[in-house]
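Working notes, beginning with the structure itself.
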Amino acid sequence: MSRIVIVGGGLAGLAAAVALTARGFPCTIIESRPRLGGRASSFHDSTTNTDIDNCQHVTLGCCTNFRHFCQTTGIAEFFRREPALYFIGPSGKADRFAAGSLPAPLHLTGAFARLSYLSWKDKYSLATALKALARPVSEQDESESFAKWLTRHGQSQTVINRFWFVVLVSALSESLERISLSHARKVFVDAFLAHRDGWYVDVPNVPLEVLYGGRLTDWLTSRGTTIRLLASAEEVELVNDRVTGIRLGSNEVIEGDEFVVALPFFRVLSVLPESLKTQADLQGIKQLEAAPISSIHLWFDRPITDLPHAVFVDRLCQWVFNRTAIEAVQIRQTSEPNSTESQLVDAYYYQIVISASHDLDGCSKEETQQQVLKELTEVWPIVADAKLLHSRQVTEHRAVFSPVPGVDALRPAQQTPVANLQLAGDWTQTGWPATMEGAVRSGYLAASNILKRKGRHDDVLQPDLPTATLSRLIFGLQS
Ligand SMILES: Cc1cc2nc3c(=O)[nH]c(=O)nc-3n(C[C@H](O)[C@H](O)[C@H](O)COP(=O)(O)OP(=O)(O)OC[C@H]3O[C@@H](n4cnc5c(N)ncnc54)[C@H](O)[C@@H]3O)c2cc1C
């Protein structure tokens with residue numbers, strides 16, 4: 001039996017493990033932290049005595065590989081599909097955004113037309129830019145930032161702030177000045193233009209720990225995969241152009257025949273042997289840059305909205321998730337009556353997400369929280385009367401790689417120059433931005449390379465949603 005070792009228990013490593021385990025090749029996963037999930041994970045909040053996510057993670061209908069991963073391991077049931085999105089315009093009015101009965105790409109035209117915070121002139125202008133965006137990207141276009149492209153295509157500051165920023169900054173977690181045209185195009189084509197279901201937002205109704213620490217761990221271990229938590233990889237050992245093992249911080253060596261290193265881009269080079277670090281194919285890794293995402297967690301003594309979520313337009317807050325409404329089961333511990341803890345048992349929990357939160361760098365936590373509360377009060381005046389029982393603020397400074405122009409040329413393939421060593425991670429060559437889908441794709445691609453080396457040519461990577469006929473005719477999209 002072949003021994004397969006996977007370094008890193010984030011979604012990329014987990015996806016490689018799931019693909020291989022499902023085909024009868026159990027693996028050993030080495031993870032430095034006490035839990036799986038990597039950047040998509042929870043931590044324990046001692047005040048509420050609950051696991052809360054480092055940040056709300058959502059996925060879209062177009063994320064076919066992530067969905068396949070969830071269905072394979074039985075965690076798909078922990079996601080709820082939002083039938084509509086609620087956009088809160090600058091006046092505070094909520095616009096319901098949902099697909100009509102027309103086929104793609106016309107299924108969302110009614111919803112766009114009804115957005116109350118864009119004028120007809122704005123809508124016409126963005127429709128013409130959308131048509132231009134659907135065209136294949138030329139090499140020259142790819143060298144400029146999306147912000148410049150928007151200006152070149154006559155987009156006013158209002159349309160940029162109220163439309164392009166809202167969609168792209170949450171999808172790619174970067175400012176428009178640091179987004180490439182091809183990454184922007186991918187978001188719109190995959191989520192809005194190619195297929196009716198691409199835009200649906202699926203939200204986990206349990207903390208991420210339940211997904212990756214519970215059900216998924218059971219799925220893997222019951223099929224023979226070993227999970228080594230709190231085991232930090234120090235070095236990939238290479239003998240005669242072949243990886244022989246992974247040396248841990250404890251000096252223990254985990255030997256194997258096939259290896260997947262699924263670490264973040266800013267860690268990976270530190271564990272690779274010198275001879276690999278200098279390989280031309282891996283030099284781009286050093287130039288990858290990261291972008292931050294912040295989440296503000298608030299517990300109130302009363303509900304502040306009935307909406308399950310809200311997308312704020314042209315404000316600091318970008319998404320508000322009503323976790324109390326979303327969570328399937330409130331996992332709380334009992335506590336003494338009248339204690340702060342007992343108030344928290346009945347508290348209403350909301351999570352505010354601010355992607356590409358570069359501007360928060362110079363602000364204190366208090367200043368950010370004040371601005372968030374001010375915006376929530378403007379939209380839902382009941383916030384002024386509500387008692388804030390508890391709050392947390394988390395900023396992941398290296399949340400995602402920045403999809404800057406030219407970034408894809410820096411991303412290495414999963415197959416390294418060493419035949420029995422694969423890389424995986426959302427930052428490797430997947431064609432996708434830094435998302436759970438991108439991470440799962442990278443893991444599936446790494447697993448597929450290992451299977452090929454064993455003479456198996458399984459279709460590990462799942463196909464995209466098929467492009468609708470009308471989308472091909474109107475926008476010239478390829479299937
Ligand atoms: C705040 C935030 C919000 C996000 N929101 C979304 C969202 O809504 N939707 C979405 O699709 N994506 C979102 N993402 C992106 C998504 O989380 C990532 O793209 C994805 O989880 C990356 O997975 P990965 O396996 O490539 O990397 P990671 O999750 O970083 O996994 C790498 C693993 O390696 C481990 N490790 C590091 N060093 C060592 C070592 N020496 N030895 C052993 N193990 C080691 C780490 O602990 C980690 O578990 C978000 C990310 C963040 C941070």
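Computed from a predicted structure; not experimentally measured. Counting starts at 1 for both ligands and their atoms, in listed order.
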Identify, for [atom], the protein heavy atom at the shortest distance, and state residue, atom and that distance.
{"atom": "atom 52 (C) of ligand 1", "value": "Ala399 CB, 3.8 Å"}
{"atom": "atom 2 (C) of ligand 1", "value": "Ile293 CD1, 3.6 Å"}
{"atom": "atom 9 (N) of ligand 1", "value": "Val58 O, 2.8 Å"}
{"atom": "atom 17 (O) of ligand 1", "value": "His57 NE2, 2.8 Å"}
{"atom": "atom 44 (N) of ligand 1", "value": "Ser32 N, 3.1 Å"}
{"atom": "atom 41 (N) of ligand 1", "value": "Ala233 O, 3.0 Å"}
{"atom": "atom 30 (O) of ligand 1", "value": "Arg39 NE, 2.8 Å"}
{"atom": "atom 32 (C) of ligand 1", "value": "Ala262 O, 3.5 Å"}

Q) Taking the six-membered ring of Phe78 as reference, does the NZ or CZ atom of Arg215 fall below 6.0 Å from its centre and within a 45° cone about the axis? A) no
(Q) Can you tell me which residue among Phe321, Tyr86, Trp380 is in a ring pair (Phe, Tyr, Trp, His ring centres under 6.0 Å) with Phe312? (A) Trp380
Q: Identify the residue among Tyr350, Trp319, Phe97 that makes a ring pair (Phe, Tyr, Trp, His ring centres under 6.0 Å) with His309.
A: Trp319
Could you state the interatomic distance from [atom1] ([X]) to [atom2] ([Y]), rounded to the nearest 0.5 Å?
{"X": "Ser448", "Y": "Arg453", "atom1": "OG", "atom2": "CZ", "result": "12.5 Å"}
{"X": "Leu220", "Y": "Ile29", "atom1": "CG", "atom2": "CD1", "result": "5.0 Å"}
{"X": "Lys365", "Y": "Thr368", "atom1": "NZ", "atom2": "OG1", "result": "9.5 Å"}

(Q) Looking at Ser145, is its backbone amide N or carbonyl O close enough to the side chain of Glu142 to form a donor-acceptor pair, meaning the two atoms are under 3.5 Å apart? (A) no
Q. Between His68 and Tyr444, how do the two ring planes meet: parallel, tilted or perpendicular, split at 30° and 60°?
A. perpendicular
Going by the atom numbers of ligand 1, which of them fall below 4.0 Å from some non-hydrogen atom of [X]?
{"X": "Thr435", "answer": "10 (C), 11 (O), 12 (N), 19 (O)"}
{"X": "Arg33", "answer": "47 (O)"}
{"X": "Gly10", "answer": "25 (O), 29 (O), 31 (O), 33 (C), 49 (O)"}
{"X": "Ile30", "answer": "43 (C), 44 (N)"}
{"X": "Gly425", "answer": "26 (O)"}
{"X": "Ala434", "answer": "15 (C), 19 (O)"}
{"X": "Gly38", "answer": "29 (O), 48 (C), 49 (O)"}
{"X": "Arg267", "answer": "38 (N)"}

Q: Evaluate the criterion side chain to side chain donor-acceptor pair (under 3.5 Å) for residue pair Ser402 and Arg178; output intermediate values, then yes/no.
A: CA-CA 7 Å; Ser402 298; Arg178 293 175 55 76; 3.2 Å; yes
Q: List the steps and the verdict of side chain to side chain donor-acceptor pair (under 3.5 Å) for Asn205 and Glu327.
A: CA-CA 4 Å; Asn205 59 13; Glu327 277 178 23; over 6 Å; no
(Q) Please report whether the ring centroid of Trp427 lies less than 6.0 Å from that of Phe266. (A) no
Q: Specify the closest pair of heavy atoms between Phe300 and Leu388, including all atoms of both residues, with the distance to one decimal.
A: CE2-CD1, 3.8 Å
Q) Of the non-hydrogen atoms in Glu174 and Ala291, which two are nearest, and what is the gap between them? A) OE2-CB, 3.4 Å
At under 4.0 Å between heavy atoms, is it the side chain or the backbone of [X] that contacts ligand 1, or both, or neither?
{"X": "Ala231", "result": "backbone"}
{"X": "Glu396", "result": "side chain"}
{"X": "Gln56", "result": "backbone"}

Q.
Would Thr59 count as a contact residue for ligand 1, given that I'm defining contact as a non-hydrogen atom of the residue lying under 4.0 Å from a ligand atom?
A. no
(Q) So for ligand 1, is Glu437 a polar contact partner (N or O within less than 3.5 Å, distance only)? (A) no
Q. When only distance counts, is Met436 in polar contact with ligand 1, meaning an N/O pair under 3.5 Å?
A. yes
Q. Side chains of Glu375 and Gln371: donor-acceptor distance under 3.5 Å anywhere?
A. yes
Q) Which residue from Gly438, Ser357, Cys55 reaches closest to atom 1 (C) of ligand 1 through any of its heavy atoms? A) Cys55
Q | Among Gly8, Ala290, Ala40, closest by any non-hydrogen atom to atom 21 (O) of ligand 1 | A | Ala40
